[in-house]
Amino acid sequence: MVSRDLSERLRWRIQGYRNVMVDFQRDLTAINALGPESGGDGEWQRAVFIRETLAGMGLGYAREINASDIRVYGDRRPNLVLLQEGLQSSPVVWVMAHMDTVPPGDESLWDTPPFEMVERDGRIYGRGVEDNQQGLTAMIFALRAVLEEELLPTSDVGLLFVADEENGNTYGLLHVLEAVPDLFHPQDMVVVPDFGAPDGDLLEIAEKSILQVRFTVRGKQAHASMPDAGVNAHRAAAHLAVRLDDDLRESFAEIDTVFDPPTCTFEPTRRETNIPNINTIPGLDRFWFDCRILPSVPVDLVKSRIEAVSGEIAAACGVKIETAYTGEHPAAPPTSAQAPVVLAVAAAVRQVRGVEPKIVGIGGGTVAAEFRRRGIPAVAWSTCDGVAHQPNEYAVIDNMVADAVVLAHLFVREQ
Ligand SMILES: [Zn+2]
């Protein structure tokens with residue numbers, strides 16, 4: 001909470017930035033920041049622009065924590081840290097946004113050019129405007145408002161701009177954590193505006209573990225009219241998928257209502273083409289399961305259940321079954337719902353948006369988990385319709401402005 005008078009000043013100040021924020025988004029969108037995995041040249045040009053913008057606003061020069069990467073221009077991936085002193089040096093209130101974007105995808109699905117931002121009906125359209133330029137813009141203008149109101153933050157504020165979020169964070173946050181391990185402390189408060197709901201009422205504090213499994217079922221190919229001459233790998237795979245579907249759900253039936261859905265999920269997803277013709281019994285069949293596992297359930301237990309079921313089906317069907325764990329991301333310990341950062345963001349959301357915040361866990365991974373893994377409480381929050389990575393990605397301008405107001409309230413919170 002902040003006083004009513006102060007709250008009004010911050011709202012008024014940030015409302016005044018509305019057009020400048022839109023212009024900043026337009027400039028950002030025009031500077032391509034695709035990672036090399038997406039055929040891009042990294043975030044360097046965008047980082048230079050952000051750094052110039054911060055300095056031009058009088059926020060100071062951001063410190064560079066670059067990671068070397070010979071695949072991109074200048075052989076480096078940029079990370080920027082801007083620290084603003086507050087009345088106290090601790091906790092540091094960190095807001096982190098990523099500078100990279102994903103590619104546009106099929107451009108014929110776009111109504112407007114993905115890298116030329118278009119403003120229409122209170123929204124801005126373009127690749128990256130929601131993910132993660134909305135949060136990136138909001139955090140800059142939140143800090144600017146506090147300083148232009150001639151206030152000092154309650155405690156130090158750190159704005160962190162990272163590379164490589166869309167492709168695993170190796171050259172982004174993970175590099176920063178490794179290169180400057182004493183930058184963050186367990187008492188700090190981390191906000192990651194890279195997840196959100198249309199009302200801005202969801203605060204994400206926990207994630208499920210992700211386990212992706214490939215099953216390779218080997219039988220014996222034969223003519224479809226002579227099944228006894230072969231062993232049908234497809235039939236065995238079908239049995240396996242159905243058995244896993246039932247067995248895993250029953251074996252791991254825990255419920256945690258912080259999450260939506262509140263259970264572990266085990267979904268058969270990808271299937272590889274086995275044979276192109278209909279009159280051959282396939283000797284090989286391959287498919288995947290995508291498992292999202294509540295943090296209270298050990299991933300190894302799920303694995304041993306998978307191995308047991310695979311063994312039973314292999315014996316029953318006379319096939320060989322190989323399992324490979326093609327994706328494995330154990331959940332970080334959740335941030336406590338009572339952590340100071342959760343309470344502070346919730347208070348700011350309540351005051352600015354007039355909604356009652358809900359604490360949630362999600363099935364996907366966010367970069368906030370990397371802080372949690374290191375014992376630093378982190379909340380992912382923003383206000384968005386969730387159109388990241390889609391064609392015609394957009395941000396609602398009012399949401400971007402309101403998010404900046406929320407962050408400004410957080411910066412000058414009463415303790
Ligand atoms: Zn993102």
Side-chain angles (χ1 to χ4, degrees), residues 21 24-25 28-29 31-38 40 42-43 46-47 49-50 67 77-80 94-105 114-115 117 123-140 142 159-177 190-198 200 202-208 210 327 329 332 335 345 360-373 378-396 399-400 403-404 406-407:
M21 292 171 87
F24 180 65
Q25 272 265 30
L28 281 177
T29 307
I31 307 170
N32 195 302
L34 295 170
E37 295 85 352
S38 310
E43 305 84 353
R46 190 175 279 203
F49 173 68
I50 291 169
R77 305 288 291 277
N79 298 285
L80 302 176
W94 291 98
V95 190
M96 182 179 82
H98 63 87
M99 296 184 283
D100 56 320
T101 72
V102 294
F115 296 112
M117 195 208 78
R123 294 174 173 180
I124 48 178
Y125 290 84
R127 174 53 83 228
V129 293
E130 177 189 290
D131 180 19
N132 194 202
Q133 295 165 202
Q134 177 178 324
L136 191 151
T137 305
M139 72 192 201
I140 293 174
L159 303 187
L160 179 60
F161 305 82
V162 291
D164 194 30
E165 194 272 345
E166 299 291 359
N167 286 291
N169 302 302
T170 306
Y171 303 90
L173 179 61
L174 294 178
H175 174 77
V176 174
L177 287 163
V190 177
V191 182
V192 182
D194 196 14
F195 157 86
L202 297 190
L203 276 57
E204 186 265 336
I205 59 159
E207 287 159 16
K208 293 176 184 175
I210 301 174
H329 308 280
T335 288
V345 174
V360 296
I362 60 170
T366 78
V367 65
E370 297 305 335
F371 288 103
R372 297 183 188 131
R373 253 185 254 295
V379 173
W381 160 86
S382 73
T383 312
C384 64
D385 291 350
V387 290
H389 300 208
Q390 295 180 17
N392 302 311
E393 178 178 353
Y394 65 87
V396 176
N399 289 342
M400 175 171 69
D403 282 4
V406 169
L407 292 173

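We count residues from 1, following the sequence as given. Order of listing sets the numbers, starting from 1, for every ligand and every atom in it.
For the residue pair D131 and H98, a side-chain donor N or O sits within less than 3.5 Å of a side-chain acceptor on the partner. Remark: the E207 side chain and the T366 side chain contain an N/O donor-acceptor pair separated by less than 3.5 Å. Using a 3.5 Å distance cut-off with no hydrogens or angles, the side chains of R127 and T101 do not pair a donor with an acceptor.
A salt bridge does not link E43 to R46: none of the charged nitrogens lies less than 4.0 Å from a carboxylate oxygen.
With the Zn ion (ligand 1) as the vertex, NE2 of H98 and OD2 of D194 span 90° to the nearest 10°.
In summary, D131 places an N/O/S atom under 2.8 Å from the Zn ion (ligand 1), meeting the contact criterion. In summary, no N, O or S atom of E166 is located under 2.8 Å from the Zn ion (ligand 1).
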